[in-house]
Amino acid sequence: MAKSRIERRRAQLRRRKYWRQLWNAFEGPFFTRNVVLTAGLGIFPILAGAMGWESAGALFWLCVCTMVPVCLLSSLVGQRLPLWMRPPISLFVAAGVLWLVTLWQPWLLRTTGAVGCLMAVGSVMLSHASDYAPGHILMGTLADSLGAACGFGMVALVVGGVRALLTGSVWWQQGDVWGTVSTEVLSQPFVGLLLLGVLAAALQKGNQVRRKWAKRREEP
Amino acid sequence: MNEVVLCLLTALAAFTTENLLLCGGAGLSRLLRTSRKNNEPLWYAGLVTVFSLLTYFTSCIIHDFLNPLYTEPVVLTFTYAVSCAVWYLLGMFLLSAAVPHFFQKVDQMMPTAAINTVVMALPFITVMRGWTLWQGALYCVGSGAAFYLAIRMLAPVWPKLYEKQIPRALRGLPAAFLFLTLLALGLMGFTGSTLFWN
């Protein structure tokens with residue numbers, strides 16, 4: 001009786017540990033170790049593609065649709081492939097998945113164009129599909145790829161949203177409602193880089209404060 | 001003569017107003033990583049240039065077969081991805097067999113140099129701009145040189161981005177983003193754009 005209670009407790013702890021690890025795999029690339037703001041991946045699609053809410057949302061959805069299947073496939077077969085073979089195979093699979101996604105949701109590429117295509121086969125996908133996915137279990141890879149796609153999407157939405165607000169577009173009202181900066185200037189990469197710099201600094205500050213609080217909590 | 005001048009001007013534009021990295025934003029993730037490691041930037045930029053040229057020439061050949069279906073971005077991406085992957089694999093086999101000493105030097109950087117956004121974006125740009133074969137080729141060479149220059153500019157800056165004078169929240173990548181902002185803003189001056197409404 002006592003033994004079974006211990007075993008039940010052990011199983012409960014194992015389950016809790018498993019879910020905590022899954023949450024960490026999702027939350028890391030999504031927020032604290034954001035795939036764009038701390039790892040510096042996927043910068044090009046945000047600079048060249050996130051010009052407003054709609055394009056940023058399309059980039060986010062396209063990233064989820066293409067990256068997750070490629071990472072899952074890479075998790076299943078990746079370890080059987082030598083290291084040097086993984087990037088080209090991931091690239092080839094991603095291009096194929098992109099084609100299928102375009103057949104299913106044609107509006108995604110109509111909205112994002114060439115930037116969306118380059119994002120689907122870009123550094124976010126390559127890094128997670130050929131580096132992380134092969135050494136991890138399916139659920140871990142699912143959590144990681146979803147976290148990376150959501151982290152990328154979150155940054156794209158913030159940058160696209162700020163750009164749209166600065167040009168004076170507020171959701172349904174397109175154009176110069178009260179904007180002061182021209183669309184031509186806001187579409188320049190330097191504006192995106194400036195916003196990424198500010199966001200990255202804010203995240204770094206947030207992480208520092210979080211670590212400080214955690215340290216204080218540990219101290220008696 | 002006109003064609004030669006046009007090609008040379010295209011190569012020059014790849015450095016300044018049409019700079020793919022700082023005016024277009026492509027390949028910045030790779031630039032940040034490569035400049036931080038700072039190992040053999042010349043070989044890295046050279047490999048990027050070679051693979052860009054190979055992918056570009058292959059795309060030009062495929063273009064003649066696939067027209068007009070070819071103009072669809074998803075078809076373009078698929079063909080570029082396949083040619084990129086094939087050239088990478090061929091490059092690995094050929095270099096390891098023919099020049100093993102050189103291969104040992106570059107095998108770690110081969111995957112990221114051969115498969116990246118710069119290599120994939122260059123054929124896209126030449127198709128969108130409707131450039132001639134040699135104009136496109138010189139744009140690839142110019143972009144490779146711009147990539148090398150950007151690595152050389154950013155590499156010595158990295159240690160300074162972690163110095164104590166910089167606020168803690170800005171140290172590292174945020175400061176690198178701001179540094180790149182200034183470079184991109186400087187290059188924007190060549191295009192003659194205005195920042196605010198006239």
Side-chain angles (χ1 to χ4, degrees), chain A residues 37-48 83-92 94-96 98-99 101-102 109 113-114 116-124 126-127 130 176 180-182 184-185 188-206 208, chain B residues 22-30 32-33 36 72-82 84-86 88-89 92 107 110-112 114-117 120-121 124-125 128 167-188 191 193-197:
Chain A
L37 301 176
T38 55
L41 298 169
I43 299 169
F44 167 66
I46 287 171
L47 299 187
L83 274 173
W84 57 273
M85 277 283 278
R86 288 173 193 170
I89 299 287
S90 302
L91 181 71
F92 180 72
L98 176 70
W99 203 326
V101 169
T102 314
L109 275 201
C117 292
L118 290 170
M119 185 271 299
V121 295
S123 56
V124 183
L126 278 173
S127 158
S130 42
D176 317 312
T180 49
V181 188
S182 69
E184 190 200 338
V185 171
Q188 295 281 340
F190 83 86
V191 178
L193 280 168
L194 188 63
L195 291 172
L196 285 182
V198 172
L199 288 173
L203 180 66
Q204 199 152 290
K205 182 73 191 167
Q208 282 162 5
Chain B
L22 297 168
C23 294
L28 282 179
S29 307
R30 290 281 179 243
L32 286 168
R33 287 180 173 224
R36 194 179 263 182
E72 287 286 323
V74 70
V75 184
L76 287 170
T77 310
F78 192 76
T79 52
Y80 298 160
V82 172
C84 224
V86 168
Y88 163 73
L89 291 173
M92 290 290 276
D107 73 328
M110 276 283 275
T112 55
I115 302 168
N116 61 54
T117 313
M120 300 278 286
F124 259 116
I125 290 165
M128 284 193 288
R168 274 184 71 203
L170 276 172
R171 274 177 215 163
L173 194 64
F177 279 138
L178 297 180
F179 178 75
L180 288 172
T181 305
L182 292 176
L183 284 181
L185 192 61
L187 277 173
M188 194 197 148
T191 61
S193 299
T194 55
L195 275 182
F196 295 94
W197 295 116

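Throughout, a chain's letter reflects where its sequence line sits, starting with A, and its residues are numbered from 1.
For the atom pair CG of A:Leu126 and CZ of B:Arg30, the computed distance is 6.0 Å after rounding to the nearest 0.5 Å. In this structure, the separation between CG on B:Leu28 and CG on A:Leu41 is 12.0 Å, given to the nearest 0.5 Å. A:Lys205 NZ to B:Leu170 CG: the interatomic distance, rounded to the nearest 0.5 Å, is 10.0 Å. A distance of 12.5 Å separates OG1 in B:Thr181 from CD in A:Gln188, rounded to the nearest 0.5 Å. Interatomic distance, A:Trp99 CH2 to B:Thr77 OG1, rounded to the nearest 0.5 Å: 9.5 Å. In this structure, CG in B:Leu180 is found 11.5 Å from CG in A:Leu194, a value given to the nearest 0.5 Å.
When heavy atoms are compared at a cutoff of 4.5 Å, A:Thr38 approaches chain B solely by way of its backbone atoms N, CA, C and O. Using a 4.5 Å cut-off between heavy atoms, A:Leu193 contacts chain B through both its backbone and its side chain. In this structure, no portion of A:Ala94 lies under 4.5 Å from any heavy atom of chain B. For chain A, the nearby parts of B:Arg171 are the backbone and the side chain; heavy atoms of each come within less than 4.5 Å. For chain A, the nearby part of B:Met92 is the side chain; its heavy atoms alone come within less than 4.5 Å. Neither the backbone nor the side chain of B:Leu187 has a heavy atom closer than 4.5 Å to any heavy atom of chain A.
The heavy-atom pair separating A:Pro88 from B:Ala85 by the smallest distance is CB-CB, 3.7 Å. Contact between B:Cys84 and A:Leu91 at its shortest, heavy atoms only, is CB-CD2, 3.9 Å. The nearest pair of heavy atoms linking A:Phe190 to B:Ala184 is CB-CB, 3.7 Å.
Remark: side-chain polar atoms of A:Gln208 are paired, donor with acceptor, to backbone N or O of B:Arg168 under 3.5 angstrom. B:Ser29 places a side-chain N or O within 3.5 Å of a backbone atom of A:Gly40 that can act as its donor or acceptor partner.
Contact annotation: the side chain of B:Ile115 never approaches that of A:Val121 to less than 4.5 Å [non-hydrogen atoms, C-beta and beyond]. B:Leu89 is listed as a side-chain neighbour of A:Trp84, based on a closest heavy-atom distance under 4.5 Å. For the pair B:Tyr80 and A:Cys117, the minimum side-chain heavy-atom distance is 4.5 Å or more.
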Self-check item: Stepwise side chain to side chain contact (heavy atoms under 4.5 Å, CB included) check, B:Leu173 with A:Leu37
Solution: CA-CA 8 Å; B:Leu173 194 64; A:Leu37 301 176; 5.9 Å; no
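For the set A:Leu98, A:Ile89, A:Val191, A:Leu83, the count of heavy-atom pairs under 4.5 angstrom toward chain B peaks at A:Leu98.
Relative ring orientation between B:Phe78 and A:Phe92 is described as tilted, the plane-to-plane angle lying within the 30° to 60° band.
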Residues 195-203 of chain A side chain polar contacts: donor-acceptor under 3.5 Å, at least two apart:
none

